[in-house]
> 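Questions regarding the structure given below will be posed in turn.
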2 protein chains.
Amino acid sequence: MLDMEKRNNAQLGKPALQALEENLPFWKSLEEDQRSTLLNASAQFWYPKGALLHHNRAECTGLVMVLEGRLRIYTVSDTGKEITLYRLFERDICILSASCLIRNITFDVHVQAETDTMVLRIATDAYQKIAAMNSKVQDFTNQLVSSRFSDVMWVVEQVVFMSIDRRLAMHLLEAASMAGSETFSTTHDAIARDLGTAREVVTRMLNRFQDEKLVAVGRGFITLVNRDGLYKLT
Amino acid sequence: MLDMEKRNNAQLGKPALQALEENLPFWKSLEEDQRSTLLNASAQFWYPKGALLHHNRAECTGLVMVLEGRLRIYTVSDTGKEITLYRLFERDICILSASCLIRNITFDVHVQAETDTMVLRIATDAYQKIAAMNSKVQDFTNQLVSSRFSDVMWVVEQVVFMSIDRRLAMHLLEAASMAGSETFSTTHDAIARDLGTAREVVTRMLNRFQDEKLVAVGRGFITLVNRDGLYKLT
C-alpha cells in the first residue's frame, strides 16, 4: 500500500521534474536541495480553453510553464478593448504572471488559456529564494523579461507602422498555422481583440479579402483560399 | 604648467564623479578600484539639439546618463515613420543605448538629443565587468530594463486604446509643461512623429482644437488657449 502510494507520487512527480529539468536552463547548476525546493513549489494545473490564469500584478500567480496547449497574453483597456501582446507555446515560460518578482513593472497583463492547456506553476517565493542564491536563475529571469520586452516592441511596430490589411493577412496566416489547417474557427470579434482594433474594421477588411478571393468567411470560421495572395500583403 | 593641467583634469573629472555618485544607486557598494574603472570609462559628451546619439544595437553606445537637457527615444519604420517611446530627463539613464549588454533585446531604438544635451557616457565593457562582480549593478540594469518595458507598455495602451484627440491633448499639455510656457515651438510633423500618426491627422485635429478655441496654431509654434478644455479631453 505504502509502496503503491510512493509509486503514484513518484509518477505524479515525474512530469514536473522532467519539465523543470528540460526547460530551466539553470537546472543543472542548482544544488540538490534547491532542486527539491523548486520541485516542491511546482504544481500542475489544467485550464479549459478560455480560462483566465492571471489578470493582475496583485495576484502574483507565479511562473507558468506551458506543458501542453497555448497561452495568450494580452492587455485590456478600461472599456474592455483588448490587444494580444504575444502567445506562449509548449515549453515557454510566462514571466509576467510572476511580475511581483520584478521591480518597476507597472502594468498588468491578462493570461488566458487559448486552447485547453496544461501548465506547471512555480510558486514565486520559492523561485525568488533560489534566484537570490544563484545568479544563473536571475539571469534567466532577466532574459525572459527582455524577450517579452522585444515581443511588445514588435507589437508597437505592427500597430504603429503597419496597415490593417497587412496585419490582418499576417494574423490569418498565423491562425491557420496554429490550427494546422486552412480552415480554422474564429470570429470577427476575436480577431479584433487580437489586433487591438474595432470589430467593424475587421469585418470590412474580411469582406474585402473575400471579394478578392483571398479567404472564405463562414459563421464562426475562416478558410484561406489564396495563401500566396495573403503572403503578398504581408 | 603640469599643475594647471592636473587641476583642469581634476575639475573635468569632478562632475563625472559627482554624477556617478549621485545617480548610480550601487555606487556606495563598489570597491575603490571598481569605482575607478567606471570613472575612467565615463566621458562627457555634448550634443546639439537634434543630434542622434545612437541608432542601432550594433553600435552599443554605452549607458548614457543625462546631465543636462533631454533625450527622445523612438523607433523608426522602414519608410521613416516614427513613434516616441519615452523621454529621458536630467539624472535619467538610457539603457537601450547599451542593449548589447542585454540578451534577447531584438529591436533597435534611436536616441536623439531633443534639446542641447550634455550626457555622461559609460563604456559598456567597463560596466559589464563591474556588473559581473557586483549583483547590485546587475539589479540596477534589470530595473532600468523593466522601467523602459513599462514605458513602452504605456505607449501600447495609448496607441491602441486612446483616441487621437485625447493623445494630442495629452501631448500638447506635456509639451507646454516641458517648455515651461503656454507657447512652445513645434511643427505638425514633429507631433506626428511623436504620436506615431500621419501629419494630416495632426493637422486636422489641431484645426479642430483651434476652432474650439483650445489652442492657437502659429507657424512653427502652438499656444495653449484653454488648458482646462484640453485637460477635459485627456
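Chain letters run A, B, ... following the sequence lines, proteins first, then strands; residues in each count from 1. The basis for the numbers below is simple: all heavy atoms, side chains too, and nothing from hydrogens, waters or symmetry mates.
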> Go through the structure and list residues passing ring-ring contact (aromatic ring centres under 6.0 Å, His included) with B:Tyr74, not counting sequence neighbours.
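B:Tyr74 satisfies ring-ring contact (aromatic ring centres under 6.0 Å, His included) with B:His110 only.
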> Between A:Val76, A:Thr141, A:Thr197, which shows the greatest number of heavy-atom pairs under 4.5 Å with chain B?
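Of the options given, most contacts go to A:Val76.
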> Kindly check if the number of other-residue, nucleotide or ligand heavy atoms within 6.0 Å of CZ (B:Arg227) is above 12?
yes
> Would you say CD of A:Glu212 has more than 12 non-hydrogen atoms from neighbouring residues, nucleotides or ligands within 6.0 angstrom?
yes
> Nearest 0.5 Å, please: how far is OG in A:Ser150 from CD1 in B:Ile102?
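B:Ile102 CD1 to A:Ser150 OG: 9.0 Å, rounded to 0.5 Å.
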> Could you tell me whether A:Lys129 atom NZ has more than 12 heavy atoms of other residues or ligands within 6.0 Å of it?
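Not buried by this count: 12 neighbours or fewer within 6.0 Å.
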> Which atoms of B:Leu195 come close to chain A, meaning under 4.5 Å heavy atom to heavy atom: side chain ones, backbone ones, both, or neither?
neither
> Output the residues of residues 153-163 of chain A for which the shortest heavy-atom distance to chain B is under 4.5 Å, in residue-number order; output 'none' if no such residue exists.
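Within residues 153-163 of chain A, near chain B: A:Met153, A:Val156, A:Glu157, A:Val159, A:Val160, A:Phe161.
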> Using a 4.5 Å heavy-atom cutoff, which residues in residues 25-34 of chain B come close to chain A?
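Within residues 25-34 of chain B, no residue comes under 4.5 Å from chain A.
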> Do any of residues 132-139 of chain B come closer than 4.5 Å to chain A, heavy atom to heavy atom, and if so which ones, in number order?
B:Gln138
> Taking side chain as everything from C-beta outward and backbone as N, CA, C, O, which of these in B:Ile83 sits under 4.5 Å from a heavy atom of chain A? Side chain, backbone, both or neither.
both
> Nearest 0.5 Å, what's the OG1-CZ distance between A:Thr106 and B:Phe149?
10.0 Å
> Would you give the length of the straight line joining atom CG of B:Leu144 to atom CZ of A:Arg103, rounded to the nearest 0.5 angstrom?
11.0 Å
> Can you measure from OG (B:Ser147) to CG (A:Asn104) and round to the nearest 0.5 angstrom?
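Here the rounded value is 3.5 Å.
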